Amino acid sequence: MPKKVKYRKHQRGGKLRLWTKKGSELSFGSFGLKSLESGLVSSRQIEAARRAMTRHIQRGGKVWIRVFPDKPMTKKGDETPMGKGKGSVDHFVAVVEPGRIIFEMDGVFPDIARQALKLAADKLSVKTRIEEK
């Protein structure tokens, strides 16, 4: 969750179909998890994936998170009738384009890194691929 946002409620935005140039290369680690489709990844999904990875590598190596959930998503209360304005902010998401590196990892054996990234990929809502340097 960001410390401060310029606008409290954002609009959803259109579909992203183009492959990104920004954040598409491994910069910090030797292994990475690259997105293959566009989508919204919630802060809870990012945290669940991070926990799955760090548990599997048993606090060895280093993990980098390359996306940040800075887009607020709103939700109206249950059984609320239509109208009466936009709902309140419910959670935050990160906008992920195809080709974007989501996680990076270094300092572990290749087979352990692949397995840890596979566990992380299962927690995310976008299709991913494991990248190696």
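For clarity, every value in this text was computed on a predicted model and none was experimentally measured.
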Distance-only donor-acceptor hits, side chain of residues 1-9, under 3.5 Å, sequence neighbours excluded:
unit_1: K9; atom_1: NZ; unit_2: K86; atom_2: O; d: 3.4
unit_1: K9; atom_1: NZ; unit_2: G87; atom_2: O; d: 3.2

Side-chain polar contacts of residues 100-118 - donor-acceptor pairs under 3.5 angstrom, sequence neighbours left out - could you list them?
unit_1: R100; atom_1: NH2; unit_2: R66; atom_2: O; d: 2.9
unit_1: E104; atom_1: OE1; unit_2: S27; atom_2: N; d: 3.3
unit_1: E104; atom_1: OE1; unit_2: F28; atom_2: N; d: 2.7
unit_1: E104; atom_1: OE1; unit_2: G29; atom_2: N; d: 2.7
unit_1: E104; atom_1: OE2; unit_2: S27; atom_2: N; d: 3.1
unit_1: E104; atom_1: OE2; unit_2: R66; atom_2: NH1; d: 2.2
unit_1: D106; atom_1: OD1; unit_2: S30; atom_2: OG; d: 3.0
unit_1: R114; atom_1: NE; unit_2: E132; atom_2: OE2; d: 2.6
unit_1: R114; atom_1: NH2; unit_2: E132; atom_2: OE2; d: 3.3
unit_1: K118; atom_1: NZ; unit_2: D122; atom_2: OD1; d: 3.3
unit_1: K118; atom_1: NZ; unit_2: D122; atom_2: OD2; d: 3.4

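- Here R129 pairs with E131 under the salt bridge (charged side-chain N to carboxylate O under 4.0 Å, His left out) rule; sequence neighbours left out.
- Contacts of R51 classified as salt bridge (charged side-chain N to carboxylate O under 4.0 Å, His left out), with partners at least two apart in sequence or in another chain: none.
- The minimum heavy-atom distance linking S35 with V126 is given by the pair OG-CG2, 4.1 Å.
- Using a 4.5 Å cut-off between side-chain heavy atoms of Ile, Leu, Val, Met, Phe, Trp and Tyr, with links allowed through other members, V93 and I65 fall into different hydrophobic clusters.
- In the hydrophobic clustering of this structure, M53 does not group with L26; members are Ile, Leu, Val, Met, Phe, Trp, Tyr whose side-chain heavy atoms approach within less than 4.5 Å, directly or through other members.
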**Asked** Could you go step by step and tell me if V67 and V41 meet the side chain to side chain contact (heavy atoms under 4.5 Å, CB included) rule?
**Response** CA-CA 9 Å; V67 293; V41 180; 5.8 Å; no

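- For K76, the side-chain contact (heavy atoms from CB on, under 4.5 Å) partners at least two apart in sequence or on another chain are T80.
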**Item:** side chain to side chain contact (heavy atoms under 4.5 Å, CB included) between L40 and V95, worked out
**Value:** CA-CA 5 Å; L40 302 174; V95 179; 3.8 Å; yes

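- Other residues, nucleotides and ligands contribute more than 12 heavy atoms inside 6.0 Å of the NZ atom of K71.
- Listed by chain and residue number, nothing satisfies the salt bridge (charged side-chain N to carboxylate O under 4.0 Å, His left out) test with E97 (two or more places apart in sequence, or in another chain).
- Residue-environment remark: NZ (K133) exceeds the threshold of 12 foreign heavy atoms within 6.0 Å.
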**Candidate pair H10 and M73, rule side chain to side chain contact (heavy atoms under 4.5 Å, CB included), full reasoning** = CA-CA 7 Å; H10 284 208; M73 299 300 281; over 6 Å; no

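- No side-chain heavy atom of D90 sits under 4.5 Å from any side-chain heavy atom of T74.
- Annotation for P72 and V89: closest pair CB-CG1, 3.9 Å, computed over non-hydrogen atoms.
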**Trace of the salt bridge (Lys or Arg N to Asp or Glu O under 4.0 Å) decision for R44 with E47** = CA-CA 5 Å; R44 288 180 178 217; E47 178 62 14; over 6 Å; no

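- Side-chain heavy atoms closer than 4.5 Å link hydrophobic residues (I, L, V, M, F, W, Y) into clusters, and following such links, even through other members, never connects F92 to I46.
- Under the 4.5 Å side-chain criterion, counting only non-hydrogen atoms from C-beta, V96 is not in contact with L124.
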